[in-house]
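Worth knowing before you read on, the calculation uses all heavy atoms, side chains too, and leaves out hydrogens, waters and symmetry mates.
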Amino acid sequence: MPGVRETLTVPRAGHLLHVEVAGNEGVPLVLMHGFPDNLHLYDELMPHLGDRRVVRFDFLGWGRSDKPAGYPYTTDNMTGDLAAVIDHLGLRRVVLVAHDASGPPAIDWALLYPHRVAALVLLNTYYHQTASLRRPPVIALYSTPLLRAAARKLAGRGSELARRLYIWQVGRFIRDDRRRGPVVERLCDNFVAAQPAFWRLNDDLLGTVLTRRRRIPDLRRFGAPVRVIFGVEDRSLNPRVARRFAQLFPHADLHLLPNAGHFVQVDQPERTAQLVLAAG
(Lines give C-alpha, C1' and ligand atoms only; values in the text may rest on other atoms or scores of the structure.)
Protein backbone atom coordinates (compact mmCIF):
# COMPACT_ATOMS: atom_id res chain seq x y z
CA MET A 1 0.00 0.00 0.00
CA PRO A 2 2.00 2.98 -1.28
CA GLY A 3 2.68 5.61 1.38
CA VAL A 4 0.07 4.35 3.87
CA ARG A 5 0.87 5.13 7.51
CA GLU A 6 -2.49 4.20 9.04
CA THR A 7 -5.49 2.04 8.18
CA LEU A 8 -8.73 2.26 10.11
CA THR A 9 -12.42 1.52 9.94
CA VAL A 10 -15.07 4.21 10.14
CA PRO A 11 -18.64 3.41 11.24
CA ARG A 12 -21.35 4.30 8.77
CA ALA A 13 -25.05 3.32 8.99
CA GLY A 14 -24.23 0.26 11.09
CA HIS A 15 -21.43 -0.84 8.76
CA LEU A 16 -17.71 -0.15 8.40
CA LEU A 17 -15.76 1.83 5.82
CA HIS A 18 -12.14 0.95 5.08
CA VAL A 19 -9.96 4.08 5.24
CA GLU A 20 -6.25 4.65 4.60
CA VAL A 21 -4.29 7.73 5.66
CA ALA A 22 -0.86 8.83 4.42
CA GLY A 23 1.40 11.84 4.99
CA ASN A 24 1.15 14.65 7.51
CA GLU A 25 1.39 17.97 5.70
CA GLY A 26 -1.10 20.48 4.37
CA VAL A 27 -4.85 20.50 3.93
CA PRO A 28 -5.93 16.86 3.61
CA LEU A 29 -6.60 15.50 0.15
CA VAL A 30 -9.63 13.18 0.14
CA LEU A 31 -9.33 10.82 -2.83
CA MET A 32 -12.56 9.17 -4.00
CA HIS A 33 -12.97 6.32 -6.46
CA GLY A 34 -15.84 5.72 -8.85
CA PHE A 35 -17.25 2.46 -10.17
CA PRO A 36 -16.29 -0.22 -11.00
CA ASP A 37 -13.13 0.21 -8.93
CA ASN A 38 -11.87 1.02 -5.41
CA LEU A 39 -9.20 3.06 -3.61
CA HIS A 40 -6.42 1.19 -5.43
CA LEU A 41 -7.28 3.37 -8.42
CA TYR A 42 -4.89 5.88 -6.81
CA ASP A 43 -1.94 3.54 -6.28
CA GLU A 44 -0.02 5.06 -9.20
CA LEU A 45 -0.69 8.58 -7.93
CA MET A 46 0.28 8.12 -4.29
CA PRO A 47 4.09 8.07 -4.70
CA HIS A 48 3.91 11.51 -6.35
CA LEU A 49 2.05 13.20 -3.47
CA GLY A 50 5.07 13.40 -1.16
CA ASP A 51 4.29 14.08 2.51
CA ARG A 52 0.91 15.65 1.83
CA ARG A 53 -1.79 14.30 4.13
CA VAL A 54 -3.95 12.01 2.02
CA VAL A 55 -7.16 10.19 2.95
CA ARG A 56 -8.58 7.57 0.63
CA PHE A 57 -11.36 5.12 1.33
CA ASP A 58 -13.61 2.48 -0.20
CA PHE A 59 -17.27 3.38 -0.43
CA LEU A 60 -19.65 0.85 1.12
CA GLY A 61 -19.96 -2.08 -1.25
CA TRP A 62 -16.44 -1.71 -2.64
CA GLY A 63 -12.89 -2.76 -1.88
CA ARG A 64 -12.34 -3.63 1.78
CA SER A 65 -15.41 -1.79 3.10
CA ASP A 66 -18.47 -3.72 4.23
CA LYS A 67 -20.84 -4.99 1.55
CA PRO A 68 -24.21 -5.39 3.27
CA ALA A 69 -26.76 -7.39 1.29
CA GLY A 70 -29.76 -5.40 0.14
CA TYR A 71 -28.16 -2.06 1.03
CA PRO A 72 -29.31 0.94 -1.09
CA TYR A 73 -26.06 1.73 -2.89
CA THR A 74 -26.94 5.19 -4.21
CA THR A 75 -25.25 8.51 -4.82
CA ASP A 76 -26.95 9.97 -1.75
CA ASN A 77 -25.53 7.19 0.42
CA MET A 78 -22.09 7.72 -1.10
CA THR A 79 -22.37 11.32 0.08
CA GLY A 80 -23.09 9.94 3.54
CA ASP A 81 -20.00 7.73 3.33
CA LEU A 82 -17.86 10.75 2.49
CA ALA A 83 -19.36 12.77 5.35
CA ALA A 84 -18.73 9.89 7.79
CA VAL A 85 -15.05 9.72 6.88
CA ILE A 86 -14.47 13.48 7.06
CA ASP A 87 -16.30 13.84 10.37
CA HIS A 88 -14.74 10.76 11.99
CA LEU A 89 -11.25 12.04 11.20
CA GLY A 90 -12.15 15.53 12.40
CA LEU A 91 -11.12 17.21 9.15
CA ARG A 92 -12.03 20.90 9.30
CA ARG A 93 -11.13 21.71 5.67
CA VAL A 94 -10.38 19.38 2.79
CA VAL A 95 -9.45 19.21 -0.86
CA LEU A 96 -11.96 16.85 -2.43
CA VAL A 97 -10.62 14.80 -5.35
CA ALA A 98 -13.43 13.05 -7.23
CA HIS A 99 -13.28 10.61 -10.10
CA ASP A 100 -16.10 9.07 -12.16
CA ALA A 101 -19.13 8.18 -9.98
CA SER A 102 -17.72 9.99 -6.94
CA GLY A 103 -18.30 13.31 -8.72
CA PRO A 104 -21.94 13.69 -7.66
CA PRO A 105 -21.38 12.85 -3.96
CA ALA A 106 -18.28 15.05 -3.80
CA ILE A 107 -20.07 18.00 -5.38
CA ASP A 108 -23.19 17.45 -3.25
CA TRP A 109 -21.06 17.50 -0.06
CA ALA A 110 -19.18 20.57 -1.28
CA LEU A 111 -22.44 22.42 -1.89
CA LEU A 112 -23.62 21.53 1.61
CA TYR A 113 -20.35 22.62 3.30
CA PRO A 114 -18.63 25.15 1.02
CA HIS A 115 -16.78 26.73 3.95
CA ARG A 116 -14.98 23.41 4.55
CA VAL A 117 -13.78 23.01 0.96
CA ALA A 118 -10.30 24.35 0.26
CA ALA A 119 -10.63 23.15 -3.33
CA LEU A 120 -12.61 20.73 -5.45
CA VAL A 121 -10.70 18.64 -8.00
CA LEU A 122 -12.66 16.83 -10.71
CA LEU A 123 -10.99 13.97 -12.58
CA ASN A 124 -12.91 12.61 -15.57
CA THR A 125 -16.20 12.71 -13.72
CA TYR A 126 -19.80 13.85 -14.19
CA TYR A 127 -22.60 15.52 -12.28
CA HIS A 128 -25.66 16.29 -14.39
CA GLN A 129 -26.99 15.27 -17.76
CA THR A 130 -25.48 17.17 -20.68
CA ALA A 131 -25.55 16.58 -24.43
CA SER A 132 -21.85 15.68 -24.40
CA LEU A 133 -22.03 13.06 -21.62
CA ARG A 134 -21.69 9.48 -22.85
CA ARG A 135 -21.98 6.30 -20.82
CA PRO A 136 -19.22 3.75 -21.42
CA PRO A 137 -20.62 0.72 -23.30
CA VAL A 138 -20.74 -1.70 -20.36
CA ILE A 139 -22.19 0.98 -18.06
CA ALA A 140 -24.88 1.66 -20.66
CA LEU A 141 -25.58 -2.07 -20.88
CA TYR A 142 -26.11 -2.36 -17.14
CA SER A 143 -27.94 0.94 -16.57
CA THR A 144 -30.47 1.14 -19.42
CA PRO A 145 -33.98 0.18 -18.23
CA LEU A 146 -35.29 -3.09 -19.72
CA LEU A 147 -31.92 -3.94 -21.24
CA ARG A 148 -30.16 -4.15 -17.88
CA ALA A 149 -32.30 -7.01 -16.55
CA ALA A 150 -31.38 -9.24 -19.48
CA ALA A 151 -27.72 -8.18 -19.32
CA ARG A 152 -27.44 -9.01 -15.63
CA LYS A 153 -29.10 -12.38 -16.11
CA LEU A 154 -26.55 -13.29 -18.78
CA ALA A 155 -23.61 -11.84 -16.85
CA GLY A 156 -24.51 -13.22 -13.45
CA ARG A 157 -22.48 -12.56 -10.35
CA GLY A 158 -19.03 -14.04 -10.72
CA SER A 159 -19.66 -15.34 -14.22
CA GLU A 160 -16.92 -15.57 -16.83
CA LEU A 161 -18.90 -13.22 -19.09
CA ALA A 162 -19.08 -10.57 -16.34
CA ARG A 163 -15.33 -10.90 -15.83
CA ARG A 164 -14.60 -10.58 -19.53
CA LEU A 165 -16.82 -7.51 -19.85
CA TYR A 166 -15.08 -5.97 -16.86
CA ILE A 167 -11.60 -6.55 -18.23
CA TRP A 168 -12.59 -5.23 -21.65
CA GLN A 169 -14.26 -2.07 -20.34
CA VAL A 170 -11.74 -1.16 -17.65
CA GLY A 171 -8.92 -1.96 -20.03
CA ARG A 172 -10.33 0.64 -22.43
CA PHE A 173 -10.15 3.23 -19.63
CA ILE A 174 -6.33 3.05 -19.56
CA ARG A 175 -4.09 4.31 -22.37
CA ASP A 176 -0.75 3.34 -20.85
CA ASP A 177 0.07 -0.14 -22.17
CA ARG A 178 2.57 -0.82 -19.37
CA ARG A 179 0.12 -0.14 -16.58
CA ARG A 180 -3.08 -1.52 -18.11
CA GLY A 181 -2.60 -5.21 -17.26
CA PRO A 182 -1.51 -4.86 -13.61
CA VAL A 183 -4.14 -2.21 -12.81
CA VAL A 184 -7.01 -4.10 -14.42
CA GLU A 185 -5.99 -7.32 -12.69
CA ARG A 186 -5.74 -5.58 -9.30
CA LEU A 187 -9.21 -4.06 -9.64
CA CYS A 188 -10.84 -7.11 -11.21
CA ASP A 189 -9.84 -9.32 -8.28
CA ASN A 190 -12.27 -7.39 -6.07
CA PHE A 191 -15.11 -7.00 -8.52
CA VAL A 192 -17.15 -10.14 -7.81
CA ALA A 193 -17.81 -9.08 -4.22
CA ALA A 194 -18.64 -5.54 -5.39
CA GLN A 195 -21.04 -6.57 -8.16
CA PRO A 196 -24.25 -5.92 -6.14
CA ALA A 197 -23.11 -2.36 -5.42
CA PHE A 198 -22.14 -1.92 -9.06
CA TRP A 199 -25.57 -2.97 -10.31
CA ARG A 200 -27.42 -0.86 -7.72
CA LEU A 201 -25.40 2.23 -8.61
CA ASN A 202 -26.18 1.63 -12.27
CA ASP A 203 -29.87 1.63 -11.32
CA ASP A 204 -29.31 5.01 -9.67
CA LEU A 205 -27.23 6.53 -12.48
CA LEU A 206 -29.85 8.01 -14.80
CA GLY A 207 -31.88 9.46 -11.94
CA THR A 208 -28.75 11.02 -10.46
CA VAL A 209 -27.73 12.93 -13.58
CA LEU A 210 -31.29 14.07 -14.26
CA THR A 211 -32.05 15.34 -10.75
CA ARG A 212 -28.69 17.17 -10.44
CA ARG A 213 -29.65 19.52 -13.26
CA ARG A 214 -31.76 21.45 -10.76
CA ARG A 215 -28.59 22.26 -8.80
CA ILE A 216 -26.85 24.06 -11.66
CA PRO A 217 -27.62 27.48 -10.08
CA ASP A 218 -25.81 26.29 -6.94
CA LEU A 219 -22.75 25.38 -9.01
CA ARG A 220 -22.69 28.87 -10.49
CA ARG A 221 -22.57 30.33 -6.95
CA PHE A 222 -19.92 27.97 -5.58
CA GLY A 223 -17.09 30.09 -4.18
CA ALA A 224 -14.21 27.65 -3.67
CA PRO A 225 -11.56 26.97 -6.34
CA VAL A 226 -12.38 24.14 -8.72
CA ARG A 227 -9.69 22.38 -10.74
CA VAL A 228 -10.89 20.27 -13.67
CA ILE A 229 -8.36 17.64 -14.84
CA PHE A 230 -9.46 15.34 -17.65
CA GLY A 231 -7.66 12.87 -19.90
CA VAL A 232 -8.41 13.97 -23.45
CA GLU A 233 -8.78 10.42 -24.80
CA ASP A 234 -11.78 9.55 -22.64
CA ARG A 235 -14.68 9.24 -25.10
CA SER A 236 -17.39 9.11 -22.43
CA LEU A 237 -16.39 11.65 -19.77
CA ASN A 238 -14.74 13.65 -22.48
CA PRO A 239 -13.20 17.12 -22.89
CA ARG A 240 -16.61 18.61 -23.67
CA VAL A 241 -17.82 17.50 -20.25
CA ALA A 242 -14.66 19.03 -18.75
CA ARG A 243 -15.26 22.35 -20.48
CA ARG A 244 -18.84 22.36 -19.22
CA PHE A 245 -17.59 22.06 -15.63
CA ALA A 246 -15.13 24.90 -16.22
CA GLN A 247 -17.93 27.09 -17.55
CA LEU A 248 -20.33 26.34 -14.70
CA PHE A 249 -18.10 26.97 -11.70
CA PRO A 250 -17.13 30.65 -11.26
CA HIS A 251 -13.60 29.91 -9.98
CA ALA A 252 -12.57 26.97 -12.16
CA ASP A 253 -9.49 26.22 -14.20
CA LEU A 254 -9.25 23.53 -16.85
CA HIS A 255 -6.42 21.08 -17.59
CA LEU A 256 -6.77 18.60 -20.44
CA LEU A 257 -3.98 16.03 -20.32
CA PRO A 258 -2.83 14.40 -23.58
CA ASN A 259 -2.08 10.68 -23.76
CA ALA A 260 -4.53 10.02 -20.93
CA GLY A 261 -7.92 8.37 -20.92
CA HIS A 262 -10.61 7.87 -18.30
CA PHE A 263 -8.14 6.83 -15.60
CA VAL A 264 -6.08 10.01 -15.81
CA GLN A 265 -4.44 9.24 -12.44
CA VAL A 266 -3.10 6.00 -13.93
CA ASP A 267 -2.03 7.30 -17.35
CA GLN A 268 -0.49 10.57 -16.14
CA PRO A 269 0.11 10.16 -12.39
CA GLU A 270 3.00 12.60 -12.04
CA ARG A 271 1.31 15.49 -13.87
CA THR A 272 -2.03 14.76 -12.19
CA ALA A 273 -0.33 14.80 -8.78
CA GLN A 274 1.32 18.15 -9.54
CA LEU A 275 -2.04 19.67 -10.42
CA VAL A 276 -3.81 18.14 -7.40
CA LEU A 277 -1.14 19.35 -4.98
CA ALA A 278 -1.31 22.88 -6.37
CA ALA A 279 -5.11 23.02 -6.20
CA GLY A 280 -5.34 23.96 -2.53
Side-chain angles (χ1 to χ4, degrees), residues 26-34 41-42 45 52 54-55 75-76 78-79 81-83 85-86 91-135 205-258 260-265 268 271-280:
V27 178
L29 305 174
V30 180
L31 309 182
M32 287 163 282
H33 68 85
L41 180 65
Y42 291 96
L45 188 76
R52 183 67 177 263
V54 178
V55 176
T75 293
D76 287 344
M78 291 172 72
T79 306
D81 293 351
L82 171 60
V85 171
I86 291 174
L91 307 180
R92 297 180 61 185
R93 296 184 78 229
V94 294
V95 174
L96 298 177
V97 181
H99 178 263
D100 190 77
S102 62
I107 294 172
D108 284 352
W109 191 91
L111 293 176
L112 285 170
Y113 305 103
H115 59 289
R116 298 176 66 182
V117 180
L120 176 64
V121 180
L122 305 177
L123 309 175
N124 288 77
T125 188
Y126 61 89
Y127 188 64
H128 64 284
Q129 181 62 46
T130 70
S132 55
L133 183 63
R134 301 283 186 271
R135 287 173 292 167
L205 177 59
L206 296 180
T208 293
V209 298
L210 290 174
T211 58
R212 267 50 181 189
R213 285 188 59 83
R214 69 185 66 159
R215 300 184 184 178
I216 289 177
D218 298 323
L219 305 188
R220 297 189 187 278
R221 293 189 293 267
F222 187 67
V226 177
R227 176 151 288 180
V228 183
I229 309 168
F230 271 48
V232 300
E233 296 186 47
D234 187 344
R235 297 180 180 179
S236 300
L237 304 180
N238 51 65
R240 289 174 294 170
V241 177
R243 293 187 183 98
R244 176 63 171 165
F245 276 129
Q247 292 166 355
L248 280 176
F249 288 102
H251 306 289
D253 56 36
L254 173 64
H255 302 267
L256 298 176
L257 303 193
H262 181 58
F263 284 177
V264 65
Q265 62 275 72
Q268 296 280 356
R271 180 58 180 149
T272 301
Q274 291 171 348
L275 291 169
V276 168
L277 288 171

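When every heavy atom of R240 is checked against every heavy atom of S132, the shortest pair comes out as CB-CB, 3.5 Å. Across all their heavy atoms, T272 and V264 have their closest contact at OG1-O, 3.4 Å. Residue P217 comes nearest to R214 through the heavy atom pair CD-O, 3.5 Å, listed as atom of the first residue, atom of the second, then distance. The heavy-atom pair separating F230 from L123 by the smallest distance is CE1-C, 4.1 Å. Across every non-hydrogen atom of A242 and L256, the tightest pair is CB-CD2, 3.8 Å. Of all the heavy atoms in L275 and R227, the pair that sits closest is O-NH1, 3.0 Å.
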Review point. Are I107 and L96 close enough, and set up right, to give a side chain to side chain contact (heavy atoms under 4.5 Å, CB included), and what steps lead you there?
Key: CA-CA 9 Å; I107 294 172; L96 298 177; over 6 Å; no
Review point. Given D218 and F222, is the side chain to side chain contact (heavy atoms under 4.5 Å, CB included) satisfied, shown in steps?
Key: CA-CA 6 Å; D218 298 323; F222 187 67; over 6 Å; no
Check your understanding: D100 and F263: side chain to side chain contact (heavy atoms under 4.5 Å, CB included), yes or no, with the steps?
Key -> CA-CA 9 Å; D100 190 77; F263 284 177; over 6 Å; no
Review point. Could you go step by step and tell me if Q265 and V276 meet the side chain to side chain contact (heavy atoms under 4.5 Å, CB included) rule?
Key: CA-CA 10 Å; Q265 62 275 72; V276 168; over 6 Å; no
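A distance of 6.5 Å separates CE of M78 from NE2 of H33, quoted to the nearest 0.5 Å. Taken from CG in L206 to OG1 in T211, the straight-line distance is 10.5 Å, to the nearest 0.5 Å. Atom-to-atom distance recorded for D108:CG and D76:CG is 7.0 Å, nearest 0.5 angstrom. Distance OG1/T130 to CZ/R243: 12.5 Å, rounded to 0.5 Å. H128 NE2 to L210 CG: the interatomic distance, rounded to the nearest 0.5 Å, is 11.0 Å. Note: R244 CZ to Y127 OH = 13.0 Å, rounded to the nearest 0.5 Å.
Taking the six-membered ring where tryptophan is involved, the planes of F245 and F249 are essentially parallel, since the angle between them stays under 30° and well short of 60°.
Two residues are said to be in side-chain contact when any heavy atoms from C-beta on lie closer than 4.5 Å; V228 and H255 fail this criterion. Residues V97 and Y42 meet the side-chain proximity criterion, which asks for heavy atoms closer than 4.5 Å. Annotation: side chain of L205 is in contact with side chain of Y126 (closest heavy-atom distance under 4.5 Å).
Under a 3.5 Å cut-off, the side chain of R271 and the backbone N or O of L257 do not form any donor-acceptor pair. Within the 3.5 Å criterion, the main-chain N or O of H262 finds a donor-acceptor partner in the side chain of H99. Looking only at distances, a side-chain donor or acceptor of N238 sits under 3.5 Å from a matching main-chain atom of R235. A distance-only check finds a donor-acceptor pair linking the side chain of R213 to the backbone of Q129 [under 3.5 Å]. A distance-only check finds a donor-acceptor pair linking the side chain of N124 to the backbone of G231 [under 3.5 Å]. At least one donor-acceptor pair closer than 3.5 Å links the side chain of R116 to the backbone N or O of L91. A distance-only check finds a donor-acceptor pair linking the side chain of R52 to the backbone of V27 [under 3.5 Å].
Applying the side chain to side chain contact (heavy atoms under 4.5 Å, CB included) rule to A98 yields the partners M32, S102, A106, L122; only residues at least two apart in sequence or on another chain are considered. Looking at residues two or more places apart in sequence or on another chain, you find no salt bridge (Lys or Arg N to Asp or Glu O under 4.0 Å) involving D234.
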